[in-house]
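Here the structure is laid out as C-alpha cells; the discussion comes afterwards.
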Amino acid sequence: MHLSDILFHHGENRKEYYNSVSPPIIQSSNFVFENLADFRKAFGEEMESVIYTRGNNPTVSILRKKIAKLEKAEDCLVFGSGASANAMAILSQVHHGAHVVCVNNAYSWTYNILTQYLPKFGVSHTFVDGTNLEEIEAAIQPNTTLLFLESPTSIVLELQDLKACAAIAKKHGIVTAIDNSYASPIFQRPIEHGIDIVIHSGTKYLNGHSDVIVGVVCSSKEIIKKMFYAEFMTLGAIISPNDAMLVIRGLRTLELRMKRCHESAMEVTSYLENHPKVEKVNYPFSPNSPQFDLAKKQMDGAGGLFSLHLKTDSFEKAELFFHQLERFSLAVSWGGHESLVLPFCAFYNVPGKENTNLPFNLVRFYIGLEDPKWLIEDLKQALEVI
Ligand SMILES: Cc1ncc(COP(=O)(O)O)c(C=O)c1O
C-alpha cells in the first residue's frame with residue numbers, strides 16, 4: 001500500500017461517520033448492546049469487538065490499523081506510553097526461568113525492567129555490545145527466549161545489523177524485538193529484515209508534536225492476539241480516544257516531518273563535523289560514521305537525533321557552551337517540532353544521584369522543524385566559548 005494511502009485514508013471508514021474527513025473521537029468507555037445474542041457474539045470474539053475501551057475503541061482502532069501498515073506488520077496494539085509498550089513486549093515473551101539478551105545503551109526504562117523488575121520473577125538478562133554479532137550469539141543460553149534490540153540507540157546512536165540479528169535468533173529459536181523509535185517506520189521497517197516485534201515510543205515522531213505520551217507494539221496476528229488477552233487487557237495501559245485522534249493527526253505529516261528532520265540534521269551535523277571545537281559527531285547517516293554502510297543498508301534516513309563530543313577537558317566550558325545556546329531548549333525526549341539539547345554535564349552533581357558514566361562533554365541534540373541555518377548560527381556562537 002502506498003505511504004500516502006496509509007497516512008491519509010487507511011483504516012478510516014468515512015461512511016460510518018457522515019463522510020467527515022477527520023475521524024470522530026469516540027469518547028466513551030462503554031458500549032451498549034441491543035440483545036443477548038449480539039452481546040454473546042461480541043464476547044466470543046472480544047479482540048474484534050467493541051465492548052469496552054480498555055479493549056477496543058473505534059478511534060484507537062483507526063490508529064492501530066495505520067501503524068501496523070506503516071510497519072508492514074499484521075497487527076498492532078497501542079499503549080499508554082513507549083515505556084509500557086517496551087515492558088509489555090518483553091513481558092509477553094518471558095516466563096519464570098527465562099533469559100533475555102539485550103543490547104547495551106538501550107533506553108533507561110527498558111534497562112530498568114530487565115535489571116530491577118523482572119529478576120523478582122526469575123527472569124535473567126545479559127547485556128551485549130550490539131555491534132558485535134559474535135558477542136550476541138555467545139550470550140544466548142538454552143533458556144533465552146528474547147533478543148531485544150534498539151537500533152540506533154538514542155544517545156550514542158549505535159546500530160545493530162537487523163538481518164544478521166534476526167538470523168541468529170531464528171537459528172536459536174528465539175523471538176526478536178526492537179525499539180524502533182529513533183528511525184520511525186518512514187526510515188526503518190525492521191519486519192522487512194526479519195525482526196518479529198517492533199516497538200515505538202509514539203511520543204516521539206509518530207505523534208510528533210510533544211503533546212501526547214503513547215507507545216505501540218507491532219507484530220504478527222498470533223503474537224498480538226496473545227498480548228491482547230494477556231498483557232494488554234490485564235495491565236490496562238491504554239491511551240484515550242482523544243490522544244489517539246491527536247496521534248492520527250500527527251501521522252498526516254509524519255513523512256514530511258521525517259524528511260525535514262533528516263535534511264536539517266544532515267546540514268547541522270556536516271557543519272559540526274568540520275568544526276575545530278567538536279571532537280566527534282555520532283550520526284548514523286554521516287559519511288564519517290563507522291556504521292554508515294550498515295545504516296544505508298537497513299535505513300532510508302536517520303531523522304533529527306544525534307550526539308557530539310565537545311573538544312574540551314573542562315567541565316565548566318561544557319556548562320558554558322550549554323548556557324550560551326539560545327535556540328535549543330533543555331529537555332529530555334525528542335521527535336516533536338522543537339529543537340532540543342541534552343548536555344550530559346546535566347547528569348553530574350544531581351542531588352541524591354550518582355554521576356552518569358557518560359562523559360560530561362557529550363551533548364545530545366534533536367533537530368526539529370526550524371530552519372537549520374538559524375540553528376547553525378546558534379551553535380556557531382555557542383561553540384566560540386570552548
Ligand atoms: C528510545 C526510547 N524508547 C522508549 C522511550 C519511552 O517512551 P515514552 O516516554 O513514550 O514512555 C523513550 C523515551 O524517551 C525513548 O527515548
Side-chain angles (χ1 to χ4, degrees), residues 60 63 67 71 76-91 100 102-117 127 130 148-160 162 177-188 190 195 197-218 231-232 235-240 243-244 246-247 250-251 254 258 261 282-284 299 302-307 329-336 338-342 344 346-347 356 358 362 364-368:
V60 179
L63 181 60
I67 292 173
E71 279 295 358
C76 154
L77 288 173
V78 178
F79 291 90
S81 69
S84 73
N86 272 327
M88 304 294 178
I90 294 171
L91 285 173
V100 178
C102 178
V103 294
N104 289 334
N105 302 313
Y107 176 59
S108 51
W109 294 100
T110 303
Y111 179 86
N112 235 54
I113 188 172
L114 293 172
T115 58
Q116 305 300 316
Y117 200 82
F127 290 108
F148 195 96
L149 310 173
E150 186 181 311
S151 183
T153 53
S154 66
I155 293 169
V156 286
L157 292 305
E158 268 169 5
L159 277 67
Q160 297 104 57
L162 303 189
I178 184 171
D179 183 333
N180 196 31
S181 306
Y182 178 91
S184 90
I186 300 297
F187 288 152
Q188 180 168 269
I195 302 295
I197 302 177
V198 180
I199 305 144
H200 284 274
S201 166
T203 312
K204 313 301 190 248
Y205 290 122
L206 297 180
N207 180 56
H209 292 75
S210 304
D211 51 11
V212 174
I213 299 278
V214 55
V216 306
V217 177
C218 303
E231 292 76 25
F232 188 75
L235 298 170
I238 59 160
I239 63 165
S240 72
D243 280 354
L246 286 172
V247 184
L251 287 180
L254 179 66
M258 292 311 297
C261 288
N282 302 312
Y283 187 59
M299 301 168 75
L305 200 65
F306 69 89
S307 61
S329 304
L330 169 64
V332 298
S333 199
W334 40 278
E338 72 291 10
S339 289
L340 303 172
V341 58
L342 190 63
F344 281 80
F347 297 105
T356 173
L358 290 162
L362 179 67
R364 186 177 82 174
F365 283 97
Y366 168 66
I367 304 298

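Only this structure's heavy atoms are used, side chains among them; waters, hydrogens and symmetry mates stay out. Both counts, for ligands and for their atoms, begin at 1 and track the order of listing.
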Checklist entry - Got a donor-acceptor contact below 3.5 angstrom from the Ser181 side chain to the Ser201 backbone? => result yes
Next on the checklist: Between ligand 1 and Ile213, is the shortest N or O to N or O distance under 3.5 Å?
Outcome noted: no
Checklist entry - Do Asn180 and Glu71 meet the criterion of a side-chain donor-acceptor pair at a distance under 3.5 Å? => result yes
Item to check | Contact atoms of ligand 1, heavy-atom distance to Asn86 under 4.0 Å | outcome: 3 (N), 4 (C)
Checklist entry - Which protein non-hydrogen atom lies closest to atom 8 (P) of ligand 1, naming both residue and atom, and how far is it? => result Gly82 N, 3.3 Å
Item to check | Trp334: which of Phe365, Tyr205, Phe306, Tyr107 passes ring pair (Phe, Tyr, Trp, His ring centres under 6.0 Å) | outcome: Tyr205
Checklist entry - Counting from 1, what ligand 1 atoms have a heavy atom of Ala83 closer than 4.0 Å? => result 6 (C), 7 (O), 8 (P), 11 (O)
Checklist entry - Do Asn282 and Leu362 come within less than 4.5 Å of each other through their side chains, counting heavy atoms only? => result yes
Checklist entry - Does even one non-hydrogen atom of Trp109 get within less than 4.0 Å of ligand 1? => result no
Item to check | Those atoms of ligand 1 less than 4.0 Å from some heavy atom in Thr203 | outcome: 8 (P), 10 (O)
Item to check | Protein contact of atom 6 (C) of ligand 1 - nearest heavy atom, named by residue and atom, plus distance | outcome: Tyr107 CE2, 3.3 Å
Item to check | Pairwise side-chain contact, Leu77 with Val216, heavy-atom cut-off 4.5 Å (strictly under) | outcome: no
Next on the checklist: Between Thr110 and Glu150, do the side chains contain a donor N or O and an acceptor N or O under 3.5 Å apart?
Outcome noted: no
Next on the checklist: In this structure, does ligand 1 have an atom that sits under 4.0 Å from one of the heavy atoms of Val214?
Outcome noted: yes
Item to check | Protein contact to atom 2 (C) of ligand 1 [nearest heavy atom, distance to 0.1 Å] | outcome: Asp179 OD2, 3.5 Å
Checklist outcome for this item: Logged contact type for Tyr182 with ligand 1, heavy-atom cut-off 4.0 Å, is neither
Item to check | Check: Tyr182 ring centroid to Phe187 ring centroid under 6.0 Å | outcome: no
Checklist entry - With distance as the sole test, does Ser307 use its side chain to make a donor-acceptor pair with the main-chain N or O of Ile155 at under 3.5 Å? => result yes
Next on the checklist: Can you confirm, on distance only, whether ligand 1 has an N/O atom lying under 3.5 Å from any N/O atom belonging to Ser84?
Outcome noted: no
Checklist entry - What atoms of ligand 1 come closer than 4.0 angstrom to any heavy atom of Lys204? => result 9 (O), 12 (C), 13 (C), 14 (O), 15 (C), 16 (O)
Item to check | Shortest non-hydrogen separation from Asn207 to Leu246 and the atoms involved | outcome: OD1-O, 3.3 Å
Item to check | Contacting atoms of ligand 1, where contact means under 4.0 angstrom from a heavy atom of Ser201 | outcome: 4 (C), 5 (C), 6 (C), 7 (O), 8 (P), 10 (O)
Checklist entry - If we only count N/O pairs under 3.5 Å, is Ser333 in contact with ligand 1? => result no
Checklist outcome for this item: Per-atom filter on ligand 1: closer than 4.0 angstrom to a heavy atom of Glu150 are 1 (C)
Item to check | Ser81 side chain to Ile213 backbone, donor-acceptor under 3.5 Å | outcome: no
